[in-house]
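These notes are about the structure you will find just below.
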Amino acid sequence: MRFNRHGVWAIYHFELARFRRTVWQSLMTPVITTSLYFIVFGAAIGSRMSEVNGVPYGAFIVPGLIMLSLFTESIFNASFGIYFPKFTGTIYEILSAPVSPAEIVLAYVGAAATKSMLIGSVILLTANFFVPVQILHPFWMVAFLILTAVTFSLFGFIIGVWAKGFEQLQVIPMLIVTPLTFLGGAFYSIDMLPPAWRTFSLFNPIVYLISGFRWSFYGESDVAIEVSLLATLGFFGLCLLVVGWIFKSGYRLKN
């Protein structure tokens with residue numbers, strides 16, 4: 001079958017149109033939130049922690065702030081994007097349209113990843129007003145940004161299909177992803193933890209994502225960059241397998 005670019009563009013454009021209707025709130029929220037983080041963590045805590053692994057504390061938390069927003073925004077945008085057609089019943093029109101499952105996923109996940117990467121870029125720009133941010137490996141920074149946004153958008157797509165109500169859309173992001181992010185070295189290095197807690201932290205998959213992304217900025221990481229990349233690719237592959245099974249089985253899409 002030929003690639004249905006018109007169908008993909010129609011879904012992608014529709015999802016971005018919803019973002020543009022609230023673009024002011026969508027962009028101002030991360031700016032205000034990032035500023036508050038720098039006021040609390042950068043000024044209050046940063047004044048007592050001069051450097052972490054040779055990096056000023058205010059600059060050290062920038063990759064963690066970006067990842068925190070990237071996780072939550074990617075999941076929210078993708079999960080709501082696919083759940084709303086289920087809620088209104090228009091999902092059947094999408095499934096019966098001449099658009100393949102891969103094209104449906106590409107459109108919804110692509111739109112969610114685009115929005116989350118835009119917000120991540122806004123946070124990076126805002127951070128530069130507070131601290132000097134250095135990016136030693138810009139290629140890998142962009143690569144980790146795109147890969148993480150797409151992976152968690154896929155994860156959000158799965159949550160949107162799984163959820164039976166608007167309340168369930170928030171369960172995993174709020175009760176699992178956000179706590180794991182705070183415990184995954186977003187605002188500290190796991191090397192600062194006691195040996196037992198550091199070993200325990202290595203079972204947190206978020207550690208590898210944040211560590212790899214921070215390495216692209218400052219060349220410092222809590223785990224080897226190869227391990228971080230493999231962990232991210234592994235999660236991406238797992239999400240692809242689950243999404244493939246969803247369309248093959250019709251799980252909560254055709255009933």
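When a residue number appears, it is its place in the shown sequence, counting from 1. Quick note: numbers below take in every heavy atom, side chains included, and nothing from hydrogens, waters or symmetry partners.
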Problem set entry | From CD1 (Ile246) to CD1 (Ile82), nearest 0.5 Å | 9.5 Å

Problem set entry | Ser216 side, atom OG; Ile135 side, atom CD1 - distance, nearest 0.5 Å | 7.0 Å

For this session: Flag the pair Tyr12 / Tyr108 as yes when their ring centroid distance falls below 6.0 Å, and as no otherwise.
Result: no

For this session: Could you tell me whether a side-chain N or O of Lys86 sits under 3.5 Å from a main-chain N or O of Leu253, the two making a donor and an acceptor?
Result: no

Identify each donor-acceptor pair in which a side-chain atom of residues 174-188 lies under 3.5 Å from a protein atom, sequence neighbours left out, and give them as a table.
from, atom 1, to, atom 2, distance (Å)
Thr178, OG1, Pro173, O, 2.9
Thr181, OG1, Val177, O, 2.8
Tyr188, OH, Leu183, O, 3.0

Exercise. Is it the case that one hydrophobic cluster holds both Ile123 and Leu125, taking links as side-chain heavy atoms less than 4.5 Å apart, direct or via other members?
Worked result: yes

Exercise. Which heavy atom of Met141 sits nearest a heavy atom of Phe217, and at what distance?
Worked result: CG-CE1, 3.5 Å

Problem set entry | Least distance between heavy atoms, Gly89 atom then Tyr92 atom | O-CD1, 3.2 Å

Problem set entry | side-chain contact (heavy atoms from CB on, under 4.5 Å) between Leu118 and Phe19, worked out | CA-CA 11 Å; Leu118 178 59; Phe19 174 73; 3.6 Å; yes

Problem set entry | Ile104 reachable from Leu16 in the ILVMFWY side-chain graph, under 4.5 Å edges | no

For this session: Heavy atoms only: give me the nearest Gly7-Asn4 pair and the separation to one decimal.
Result: N-OD1, 2.9 Å

Exercise. Which atom names give the shortest non-hydrogen contact between Gly219 and Leu136, and what distance separates them?
Worked result: N-CD1, 3.7 Å

Exercise. Would Asp222 and Leu202 satisfy side-chain contact (heavy atoms from CB on, under 4.5 Å), going step by step from the backbone distance to the final call?
Worked result: CA-CA 10 Å; Asp222 294 326; Leu202 294 177; over 6 Å; no

Which donor-acceptor pairs under 3.5 Å do side chains of residues 142-157 form with protein atoms, sequence neighbours excluded?
from, atom 1, to, atom 2, distance (Å)
Thr148, OG1, Phe144, O, 2.7
Thr151, OG1, Leu147, O, 2.6
Ser153, OG, Ala113, N, 3.3
Ser153, OG, Ala149, O, 2.7

Problem set entry | Flag if over 12 foreign heavy atoms under 6.0 Å of CH2, Trp140 | no

Exercise. Same hydrophobic cluster for Ile225 and Phe139, using side-chain heavy-atom links shorter than 4.5 Å among ILVMFWY?
Worked result: yes

Exercise. In Å and rounded to the nearest 0.5 Å, what is the OH to OG distance from Tyr37 to Ser35?
Worked result: 12.5 Å

For this session: In sequence, state the C-alpha distance, the side-chain angles, and the governing distance for Phe76 and Gln170, and then conclude on side-chain contact (heavy atoms from CB on, under 4.5 Å).
Result: CA-CA 8 Å; Phe76 172 77; Gln170 302 295 327; 3.9 Å; yes

For this session: Following the transitive rule for hydrophobic clusters with a side-chain heavy-atom cut-off under 4.5 Å over Ile, Leu, Val, Met, Phe, Trp and Tyr, establish whether Ile172 and Leu241 coincide in one cluster.
Result: no

For this session: Give the cluster check for Ile159 versus Tyr251: same hydrophobic cluster or not, with ILVMFWY residues linked at side-chain heavy-atom distances below 4.5 Å.
Result: yes

For this session: Measure the shortest side-chain to side-chain distance between Phe71 and Ile206 over non-hydrogen atoms and say whether it is less than 4.5 angstrom.
Result: yes

Problem set entry | Sidechain-backbone polar pair: Glu103 side chain, Ser100 backbone, donor-acceptor under 3.5 Å | yes

Exercise. Which atoms form the tightest heavy-atom contact between Ala107 and Val8, and what is the distance?
Worked result: CB-O, 3.6 Å

Exercise. At what distance, to the nearest 0.5 angstrom, does CZ of Phe14 lie from CD1 of Ile94?
Worked result: 8.5 Å

Exercise. Which ring-ring contact (aromatic ring centres under 6.0 Å, His included) pairs, counting each pair once, include a residue from residues 109-130, with sequence neighbours left out?
Worked result: Phe38-Phe130

For this session: Give, for atom CZ of Phe84 and atom CD of Glu15, the distance between the pair rounded to the nearest 0.5 Å.
Result: 10.0 Å

Exercise. Is a side-chain N or O of Asn128 found less than 3.5 angstrom from the main chain of Leu124, in a donor-acceptor match?
Worked result: yes

For this session: Answer whether the closest heavy-atom distance between the side chains of Val133 and Tyr218 falls below 4.5 Å.
Result: yes

For this session: Output, in order, the C-alpha distance, side-chain angles, deciding distance and verdict of side-chain contact (heavy atoms from CB on, under 4.5 Å) for Lys164 and Arg252.
Result: CA-CA 9 Å; Lys164 291 184 177 180; Arg252 294 193 178 178; 3.0 Å; yes

Exercise. What closest approach, in Å, do Val223 and Ser228 show between heavy atoms, and which atom pair accounts for it?
Worked result: CG2-OG, 3.3 Å

For this session: Please round to the nearest 0.5 Å and tell me the distance separating atom CD1 of Ile210 and atom CE of Met67.
Result: 8.0 Å

Problem set entry | N/O donor-acceptor pair under 3.5 Å between Arg198 side chain and Met192 backbone | no

